[in-house]
Structures are given as C-alpha cells and as structure tokens.
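Written out below as structure tokens is the structure these notes cover.
Values below: every heavy atom of this structure, side chains too, minus hydrogens, waters and symmetry copies. Being a predicted model, the structure only gives us computed values, none of them experimental. Numbered from 1 within each chain, the chains take letters A, B, ... in sequence-line order.
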Amino acid sequence: MNLASSVGLSTKPSLPRLHSLLNSYIESRNRKQALLLFRQLLEYNVKPNDLTFSLLLKACTSSSSSSSSSALNSVNVNREANQIHTHLLKSGVDRFMYVSTALLDLYMKLGCVRNAHRLFDDMPDRDVVSWNALICGFSRNGCDFEALKLFVQMCKEGFFPHQTTLVSLVPSCGRQELVSQGKSIHGFGIKAGLDSDSHVKNSLTSMYAKCADLEAAEHLFEEIVEKSVVSWNTMIGAYGQNGFFDEAMLAFKRMQEESVPANLVTMVSLLSANADPESTHCHATKTGLVNDASVITSLICQYATHGNTESGELLYKSLPQKNLVSLTALMSSYTEKGNLFQVMSCFAHLQRLEMKLDAVAMVCILHGMKDPMDFGLGLAFHAYGLKSGLSADSLVANGLISLYSRFDKIETAFSLLSEIHGKTLISWNSLISGCVQAGRPSDALEVFFQMKMSGHSPDAITISSLLSGCCQLGYLQFGGRLHNYVLRNNLEVEDFVGTALIDMYIKCGRIEHAERVFKSIKEPCLATWNSMISGYSLYGLEHEALACFSEMQKQGIKPDKITFLGVLAACTHGGLVQEGRKHFQIMREQFNVVPDLQHYACMVGLFGRAGLFEEALMFIRNMEMEPDFAVWATLLSACCIHQEVKLGEYVAKKLFFLDSNNGGFFVLMSNLYAVKGMWDEVARVREMMRETGGDGCSGISVIEMTSLEDMNVNLSSSKSSLNANAWQPLLSLY
DNA sequence: TAATTCGAAT
C-alpha cells in the first residue's frame with residue numbers, strides 16, 4: 001500500500017503544508033499518523049526544520065499521555081522517541097534549545113529518565129525552561145531527591161527559578177521525610193517573590209496536605225485570592241487524604257456557592273473523600289462529567305465500598321471505551337463481595353477484548369481467591385504470571401505470598417519471598433501475616449527477625465500482625481517489647497495497633513495493661529471497643545463490660561454482632577438474666593443487628609446457667625434457624641451444673657444425632673453420667689475417648705515462656721521446626 | 001485526575 005495515500009499526500013509536499021497537517025494530527029491526538037507523515041517527508045527528501053520537530057514531538061507527547069499505554073505500546077513509543085532523537089541530531093536541529101527541551105519532556109513522560117538526563121547533559125545551551133523540564137521530569141518519575149539536587153545545581157549555575165520551577169519541584173516534597181525541604185522551598189519562594197502566584201500556592205497547599213499538615217494547607221488555600229477549580233480541587237483532595245470527609249464536602253459546597261464549576265478532578269476527589277456515590281453520580285450526570293473514564297472508575301469504587309456492585313456493573317457497561325483500570329475496579333468490587341465467579345467472567349471479558357492483565361489487576365484477582373476450593377485457580381494464575389512475566393513484579397510476588405499463605409503453603413511463600421529482588425516492607429509483611437494466619441506465629445517471628453536484618457523497620461501493619469501472633473504463643477514478654485517499640489517510635493496507638501495490643505494483653509492474662517492501653521486511645525473505633533468488652537467478659541468482669549458498652553454508645557459508636565457477643569457473654573458469666581434479655585432485645589430493635597447462632601447459644605447458656613430451663617427450651621423453639629451443636633451443648637452443660645438429668649438425656653440424644661464424632665460430645669456425656677452417678681458409664685465413655693484418640697483438644701497452656709529451653713519444648717509441639725539459635729537475638733532485639 | 005496488595009475485635 002502506498003504510504004502517501006494513507007496520510008493523504010500524493011505529491012512532494014511543501015514544509016508549510018506538512019506543518020499544517022501535523023497541527024491537525026495534534027488536534028486529533030493522532031500520534032501514528034504524525035509519525036507516518038514524518039517518515040514520508042524523509043522519503044521525499046524534504047528537510048525538516050525546528051518547527052517540524054517541535055510539532056512532531058508535540059503530537060507524540062499529547063497522545064502518549066492520554067492513550068492507555070500498555071507495556072508493549074510504550075516500548076514502541078520509546079523506540080520512536082529514540083529515532084526522532086537520531087534524526088534531530090542528524091539534521092542539526094538540536095541547536096534549537098526549545099526542540100531539545102521538547103524531546104527531553106517526551107523522554108520524561110515515557111519514563112526514560114536516563115535518556116532525558118543524557119540529552120540534557122549533551123545540550124550545548126540551557127535555559128530556565130529546559131531546567132524546569134528536567135526537574136519536573138525527575139519529580140514526576142518519583143526521583144524526589146534528584147529533583148531537589150538539580151534545583152540546587154540550577155541555582156548554583158546562576159539560573160533564577162521561575163514559578164513553574166517551584167510548581168515542578170514542590171510535589172517532590174509531598175512526603176513526611178521531606179517536609180523540611182518543602183518548607184525551605186516555600187521560604188525560598190517567599191523571598192524570591194514567587195509565592196503570590198496561585199499555581200505555586202496550589203502546589204504548596206497540596207504538599208502540606210500530603211505531609212499531613214492540614215493547618216498549613218488551609219492557611220495557604222485561604223491566601224489564594226482568585227481560587228480556581230484547581231485550588232478548590234486541591235483543598236477537597238487535601239481534606240479527603242487526611243480523612244476529613246465532612247470538611248471536604250463543606251469545601252465543595254463553598255465552591256458551588258462561589259460559582260466555580262466543578263470538573264472531573266472535583267468528582268474524583270469528592271469520591272475519594274468518601275462522598276455519597278448516588279448524589280455524586282447524580283451531580284456528575286447533570287454536569288456531563290460522567291462520560292469520563294476516571295470519574296466512572298471512581299464511582300465504581302465508591303459504589304463498591306457501599307456494597308453496591310450492581311451500579312458499578314452498569315457504569316462499567318456504560319463505558320464507550322473499555323479499559324483495564326475500570327475493569328480492575330469492577331473486579332475488586334466483586335472480590336469484596338466474595339464473588340469469584342464474576343471476577344472470572346471479568347477476566348474472560350478482558351481476554352475477549354484482547355487486553356492483558358497488569359500487575360494491579362493480577363493482584364486483585366489473586367486477592368479474590370480465599371476458599372480452599374479456589375487453590376487450583378490460584379495455581380493457574382501463578383502460571384499465567386510466570387508465562388506473561390508478571391510474576392517478576394514485586395506487587396504480584398507479594399500477592400502470591402498472601403495467596404499461598406492463605407492456603408497454608410508457607411514453604412512456597414517463603415521461597416517466593418526469597419526470589420523477590422527488591423523486597424519491600426509489604427513483601428515482608430505479607431509473609432509475616434501469612435505465617436500468623438496459617439497458625440505459625442513462631443515462623444512469623446523468625447521472618448520478622450530476618451526482616452530487621454535486611455534493614456527494614458516494622459510499621460503498624462508488621463506490629464499488628466506480630467501482636468496477634470503473640471496471642472497465639474501467649475508470648476507476653478515479646479508482646480511487651482513490641483509495645484515498647486511502638487511507644488519509642490511514635491507509631492500511632494489507634495485502631496489496629498491499639499486493638500492488637502489490647503487483645504494481646506487480654507490473651508496473655510494482663511487485663512490491667514489492656515485497660516491502660518485502652519485509656520490512652522483518644523477515639524477508640526468499633527473493633528477497639530469490642531476487644532475491651534469481650535476482654536472484660538472473658539475475665540468475668542460483667543459490670544465493667546456493660547459499663548464499657550454504654551460508654552461506647554455515648555461516644556456515638558454503633559455496636560455490631562461482635563459487640564453483642566461480648567455483651568451477652570458478659571451477662572452469661574455474671575448470671576445477669578434480666579440484662580441479657582434486655583440486650584438481646586435491643587440488639588435487633590434498636591441497633592438492627594440480626595442475631596446468629598452464637599448469640600442464640602449465649603442466650604441458652606444464660607437461661608440454662610440460671611436454671612431457667614423452660615425459658616431456655618422455649619427460646620430454642622422460637623429460634624429462626626436450626627439450633628446447631630453449640631446451642632444444644634450449652635444447654636447440656638447447664639443441665640450438668642443443675643443436675644437436670646432428664647432434660648440432660650434428652651439433649652444428649654439431640655447431640656448424638658447432630659454429631660456423634662464431635663470430641664466435645666464425649667466430654668459432655670461423661671459429665672452427664674457423672675452427675676447421675678453412673679460411674680460405669682463414665683468409664684465406658686472415657687474408654688471410647690481413648691480409643692478414638694482422646695477428645696482431640698488436649699494441649700498445653702503457655703502464659704509466659706521463661707527460658708529458651710521452655711520455649712523450644714513448647715514450640716517443638718507446634719508444626720514448625722525452630723532453630724534455637726535463631727531465637728537468641730530476638731531476646732535482645734531492642 | 002481513576003484500579004491492587006500487608007493489619008485488630010467472636
């Protein structure tokens with residue numbers, strides 16, 4: 001096929017004509033046509049000039065950022081950039097600083113930081129614009145330190161920074177560690193008189209927000225006289241990122257009052273600030289912003305957090321151009337609902353469209369496999385990862401580690417971790433939590449030790465996982481060390497870490513420590529309250545548990561199933577029948593919490609222990625679901641306590657038909673016969689227990705390990721084989 | 001300016 005006709009040229013074109021064609025390709029964002037045209041120009045021996053290159057680069061830059069660039073695609077674009085570079089040198093156009101700067105910019109947008117830097121070094125002359133492009137490129141590619149260094153170098157070489165320079169550089173300081181550098185640049189801006197610029201103010205606002213200094217962000221924002229959409233979006237985003245959702249909504253209202261029209265970034269920022277998906281959807285539809293893929297994706301996500309997968313599905317279907325990011329959001333929504341079948345339909349859909357998974361999508365799919373039945377599918381996706389090269393990505397490797405841990409394949413998880421080249425904290429955390437979840441806390445501690453050796457510091461996630469490992473080991477001493485670590489390193493003792501600490505102290509027998517931690521938490525969340533309530537209940541401190549429950553309500557926290565399990569258990573322990581009845585009633589009527597089998601079992605225990613057998617039986621009869629083994633077993637133990645032999649025998653029959661192999665069954669039967677004084681029968685049951693391998697639950701209790709020997713004795717009974725030497729350093733870790 | 005992964009409470 002004639003190349004010329006494909007771009008609409010049949011005769012040797014003039015340069016101005018070519019330029020006007022290139023301009024039209026820039027407008028239609030058609031990179032490919034622009035490149036074809038350029039090739040043709042070379043075939044016709046037309047000599048391109050600086051303007052030609054400038055237009056060509058513009059065509060490449062404008063489309064490469066908007067199109068969904070798959071990995072293969074960007075490899076091609078890289079090659080094209082190199083070829084343009086060669087022609088540029090050949091035709092001597094590199095003399096023109098603005099053309100070289102445009103190429104530098106393209107390299108940076110493609111992520112070719114090295115090429116860009118080399119090009120910059122080779123440039124015979126530089127100006128502020130080329131410095132800006134260089135600094136901006138480093139900053140956008142995440143090379144924050146380099147960006148800062150270059151800024152200093154630029155100043156040293158006598159170039160005076162422009163507003164744009166600051167706007168390019170400031171985002172690099174948007175992290176806690178670099179906040180002081182950010183402040184210096186802010187100060188520099190003030191001295192240099194660059195700070196009155198609203199773009200500079202916007203970027204500084206965003207920087208302070210990312211460093212969690214909302215006060216500074218608000219202060220800067222209020223200083224902006226003419227607040228643009230960008231300013232408003234920045235402030236809405238600032239509130240959202242720091243969890244101030246109400247303030248984000250208020251800012252949006254103010255923005256509307258000041259008649260600044262929202263754009264798609266506003267919608268996205270609002271949605272990530274937990275805005276109501278329905279009303280945001282409505283607003284976006286009215287203002288015509290709902291046609292944008294990123295708005296749709298954000299809506300899918302926000303609907304998903306509200307459990308509304310159906311709306312997400314409809315939104316995805318409404319997309320004219322399907323894309324991987326939106327599809328990943330939809331898959332994640334299905335994963336959240338535990339609907340792996342739908343996730344797989346999405347995958348099939350993706351293959352029909354001849355799209356390929358990327359690392360994020362892969363992680364999302366792996367995350368959806370939780371049931372032991374899914375393991376085969378997990379292996380298949382591991383294979384897909386190996387074939388496609390995706391499993392080399394550390395994100396995917398981390399996902400695989402959690403996948404294998406979920407299926408108790410800790411050894412595989414270990415070897416996967418050892419194969420990761422750039423191990424991140426998440427990689428280590430994945431394995432540590434994997435070990436804990438697989439019931440192998442001692443392995444978790446060993447991994448933790450290796451992690452420390454490799455130079456990583458634990459974060460809140462590491463600590464929470466390890467603390468719950470300590471519960472399993474009863475390892476109070478180590479738990480206490482972790483607590484010290486948290487305090488010394490100023491890790492926030494809220495939500496996760498706080499709850500894990502409370503739980504650890506409770507399970508290790510130190511409720512007074514748990515209380516102290518609890519009191520230090522300013523705003524305990526639901527899980528924290530639940531831990532404390534069930535802790536009190538576990539220790540038989542029913543009044544404290546109930547007091548805690550009412551205090552929690554005063555603080556405006558809505559109780560859930562677990563809260564009521566703790567409350568009802570407390571009533572049972574304390575024999576508070578009336579309180580128990582009341583709470584069981586208000587649970588549904590006042591809090592809309594539907595009782596499940598565990599709640600019913602609690603109530604049966606409450607009545608039974610109080611000797612109210614008629615009420616217990618009536619209660620079972622009125623249950624909305626079939627009573628299970630636990631419900632009847634609770635009643636039988638109450639019968640034993642009160643020597644209610646007749647009812648006991650009736651209940652025992654029920655239990656026998658439900659599950660005659662249950663280890664607990666033998667124990668209960670033996671107790672019943674003992675109550676009746678039927679010692680021969682007791683002996684017979686004991687004999688049966690021995691024959692069937694005991695009750696299956698005998699073990700050792702560990703509250704505190706006093707020496708390495710004790711530890712090894714206790715640990716060798718668990719599945720892991722542990723090297724005593726590996727533990728030695730743990731004892732002197734901090 | 002959109003998607004994902006590691007953490008607590010029965």
Side-chain angles (χ1 to χ4, degrees), chain A residues 65-66 68 229-230 233-234 237 263-272 289 292-302 304 316 319 323-333 335-336 357-368 393-403 405 424-434 436-437 458-469 471 494-504 506-507 524-535 537-538 559-569 596-599 601-602:
Chain A
S65 61
S66 72
S68 61
V229 206
V230 179
N233 290 347
T234 307
N263 66 10
L264 57 97
V265 180
T266 322
M267 293 299 116
V268 170
S269 307
L270 275 175
L271 287 164
S272 58
L289 295 167
D292 179 82
S294 46
V295 174
I296 290 182
T297 308
S298 304
L299 276 169
I300 295 175
C301 293
Q302 190 57 6
Y316 180 79
L319 268 171
N323 70 83
L324 185 59
V325 176
S326 308
L327 186 63
T328 309
L330 184 61
M331 289 199 289
S332 152
S333 170
T335 299
E336 208 55 37
L357 288 182
D358 69 355
V360 176
M362 180 70 142
V363 167
C364 176
I365 289 179
L366 293 175
H367 187 62
D393 191 303
S394 69
L395 289 183
V396 176
N398 297 342
L400 285 167
I401 290 176
S402 349
L403 177 91
S405 316
T424 61
L425 188 56
I426 294 183
S427 318
W428 290 102
N429 283 349
S430 301
L431 188 55
I432 289 172
S433 85
V436 172
Q437 276 162 27
D459 68 352
I461 296 179
T462 326
I463 304 287
S464 319
S465 305
L466 287 170
L467 282 169
S468 75
C471 297
E494 293 285 314
D495 299 0
F496 278 94
V497 173
T499 310
L501 274 170
I502 291 171
D503 192 46
M504 184 273 296
I506 286 172
K507 299 234 171 87
C525 70
L526 177 63
T528 313
W529 286 103
N530 285 352
S531 275
M532 211 52 228
I533 292 171
S534 53
S537 160
L538 204 64
D560 69 349
K561 283 190 179 202
I562 296 166
T563 320
F564 280 104
L565 224 43
V567 170
L568 295 178
D596 60 25
L597 281 166
Q598 285 173 292
H599 298 94
C602 248

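Not counting sequence neighbours, the partners of Tyr316(A) by the ring pair (Phe, Tyr, Trp, His ring centres under 6.0 Å) test are His349(A). Ser272(A) is linked by a side chain to side chain contact (heavy atoms under 4.5 Å, CB included) to nothing, counting only residues two or more places apart in sequence or in another chain. Taking the side-chain hydrogen bond (donor to acceptor under 3.5 Å, both in side chains) definition, one finds that His599(A) meets it with Asp596(A), sequence neighbours left out. By the side-chain hydrogen bond (donor to acceptor under 3.5 Å, both in side chains) test, Asp495(A) is found to be paired with no residue, residues two or more places apart in sequence or in another chain being considered. Applying the side chain to side chain contact (heavy atoms under 4.5 Å, CB included) rule to Glu494(A) yields the partners Glu492(A), Ile521(A), Lys522(A); only residues at least two apart in sequence or on another chain are considered. In this structure, Ser433(A) has no side-chain hydrogen bond (donor to acceptor under 3.5 Å, both in side chains) partners at least two apart in sequence or on a different chain. With sequence neighbours excluded, the residues satisfying side chain to side chain contact (heavy atoms under 4.5 Å, CB included) with Ala293(A) are Leu319(A), Asn323(A).
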Dot-bracket summary - DNA chain B, pairs being Watson-Crick or G-U whose distances fall under 3.5 Å, with | when paired to another strand: ..........
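Contact annotation for Asp560(A): base contact, defined as any heavy-atom pair under 4.0 Å involving a base atom. Using a 4.0 Å heavy-atom criterion, one finds that Ser294(A) contacts the bases of the nucleic acid, with or without backbone contacts as well. Across all strands, Asp358(A) comes closer than 4.0 Å to base atoms (heavy-atom distances). Residue contacts for Gln437(A): at a heavy-atom cut-off of 4.0 Å it reaches the sugar-phosphate backbone alone, with no base atom in range. Cys525(A) comes within contact range of at least one nucleobase, with a heavy-atom separation under 4.0 Å.
Note that CG of Leu299(A) is 9.0 Å distant from CE of Met267(A), once rounded to the nearest 0.5 Å.
With a heavy-atom cut-off of 4.0 Å to chain A, the contacted part of DNA chain B has its first and last nucleotide at dT1(B) to dT10(B).
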